[in-house]
Amino acid sequence: MSDLDGQNVRQFRARGAGVTRMSSASEPGVAGETNRPIRRLAAPITQPFPVASDHGQAPDEHVDDLIPAYALGALDADERVAVERHASYCPTCARQLADMRRTATMLPFSVATAAPSPDVKAALFARIAHSTAPVTAENAEEYQWARPVQAKPQVTLPSSGTWLDSQTFTAVTPPAATAVRKPRRSIGRALGISVPVFLTFGLLALFVIPQMLPSDDSNNQDFIELLGNTAADCTGEGNPLVTSTGIVACGYVQPSTTANLATVYVSNLIDSTVREGYVVNLAEDGSYRGIGPLTMTGPATGELQFSIPAGTNANTARLCITGADEDPNLVCTTDLTPAA
Amino acid sequence: MVPEATRDDAGNRAEFSDADLIGLASQGDPQALEVLYDRYSRVVFSFALRIVNDQLIAEEVLQEVFFRAWQQGGSFRASKGTFLTWLLSITHNMAIDEVRKRKRRPQRSDSDDPDVVLAAVADGGPSVEDEVWLRSLRDRIARALDTLPAAQREAIELAYFRGMTHREIAEALGEPLGTIKTRMRLGMLKLRDQLDGSEVGLA
């Protein structure tokens, strides 16, 4: 069977490298920053993802030999993305993946149990007593999900129609903060809708999976500090979002003025549970596809330029940021109802 | 998620299912979380300890895992698996993250042998009913692992409990990457076949 360490991954990396260079050259906002440390190459898609009805018709090589390692958490980020991408359109591999993951979930039970110190329980519940309670339907209105966008010039599109149909983009500066302030979003809607980040401009909106976590740090300073993210103020960095593990971050999407490309910028990405960086997924009509790993441009910032798949509709498409070692099946596929 | 039990009738939480309890916890009920803690803190702690090989760090992971459950219990979906597998998945990620962080820092002088560390931890005794099914499950998995060739067991161990990638394992063992992949694959398939039907069927 195929060896994805070979041909496929080399091609994968080569594509990513090419787009990264293109990104630096074509995006004024990125030019001059090419010396920043790049931990991981971007690997945006250049073609719409193929859809195969069966294992045997998948257009690229199979990943069978990587699936057990995937389930054990033993793959590098690029390989994980390749496996997830392949499994997204190969039912046979998706079944194998689920099978191996189920087997891996048994492994923790091979460990003989021992008791922790009682101090841990005391410390945990003392911490809980002093923390912000989980967001519930009852207190959701206390939290504000959207914050104003300021500072960075953005590029916008006509406010109606499928934005991909248009090749004429206009650079604009966002209106004053108060003018773009969005209404509070109830937790019920947030659960079903995800968190829109860029709806103000009628563009492709960043979304994250439903999480009952507020983004207003004035209400939740304790929470944010406890999670190690003390910089959740998104002023000038786009709109707040919540990653799949619940960490507040900031992000926005900027389409290119010259091609059918867009770049997603994310900052304040500090999450101790994410082992190998972040992955961007495009979700639309209840399904998702992997776009590529977020290129980390700093310890807590990342970006990814990607080709916008033909037919993508700004009114329904969302981007989902997940940890690279997370299974998008678990974190991206639920509740993809488009924002109203 | 709307649990069947609500806070108003949550008198005897100890009898509630895990799914109901995490539902209550996500509504801000710390007593529901406490029941879950009493049920599973030993499993979480022992699993973390097996990975990080340091009692204090394992206890930090334990606290963090349950704090995450408190804050993010609303994201748990029973349709995606059991609460316990969800909890252990968080534990695995956090513990492996600790291991990888330590790889990048000067090492502490811990024992390298997880069994030594485990033995040094005071065992509070089998005080909960769950111990029965846990012990049964553990025996079954241990028997399944024992049937694997040592090399396959080692590959799985290094990946899952030590947080090593298959490349790192190949390098550490001086074996071709393909060999390591094959060992993982054969070992996991054999485990799957032997453990079929053993899934953790908790509510």
Next item on the list: Evaluate the side-chain hydrogen bond (donor to acceptor under 3.5 Å, both in side chains) criterion for residues Q55(B) and E59(B): first the C-alpha distance (whole Å), next the side-chain angles of each, then the deciding distance (0.1 Å), finally the verdict.
Entry: CA-CA 6 Å; Q55(B) 183 174 354; E59(B) 288 179 345; 3.3 Å; yes
Looking at [options], which has the largest count of heavy-atom pairs under 4.5 Å with chain A?
options                          : answer
Q63(B), M184(B), E34(B), R185(B) : Q63(B)
A159(B), A48(B), A58(B)          : A159(B)
T91(B), L158(B), D139(B), L62(B) : L62(B)

Given heavy-atom pairs under 4.5 angstrom as the criterion, report whether the side chain, backbone, both or neither of [X] touches chain A.
X       : result
I156(B) : both
L191(B) : both
I169(B) : neither

Any side-chain to backbone donor/acceptor pair from [X] onto [Y]? Under 3.5 Å, distance only.
X       : Y       : answer
R153(B) : L148(B) : yes
S136(B) : V132(B) : no
R39(B)  : A14(B)  : yes
K190(B) : T147(B) : yes

Margin query: If you count heavy-atom pairs within less than 4.5 Å of chain B, which of S110(A), P108(A), A104(A), A69(A) leads?
Written below: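 Top count of heavy-atom pairs under 4.5 Å with chain B: P108(A).
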Next item on the list: Output the option from P68(A), A71(A), A123(A) having the highest count of non-hydrogen pairs under 4.5 Å with chain B.
Entry: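 That would be P68(A).
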Note to self: Under a 4.0 Å threshold between the charged nitrogen and the carboxylate oxygen, would R127(A) count as salt-bridged to E64(B)?
What the structure shows: yes
Check: In terms of the angle between their ring planes, are H92(B) and Y160(B) parallel, tilted or perpendicular, with boundaries placed at 30° and 60°?
Finding: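 Rings of H92(B) and Y160(B): parallel, as their planes differ by under 30°.
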Next item on the list: Measure distances from A129(A) to the heavy atoms of chain B and classify the residue's part below 4.5 Å as side chain, backbone, both or neither.
Entry: neither
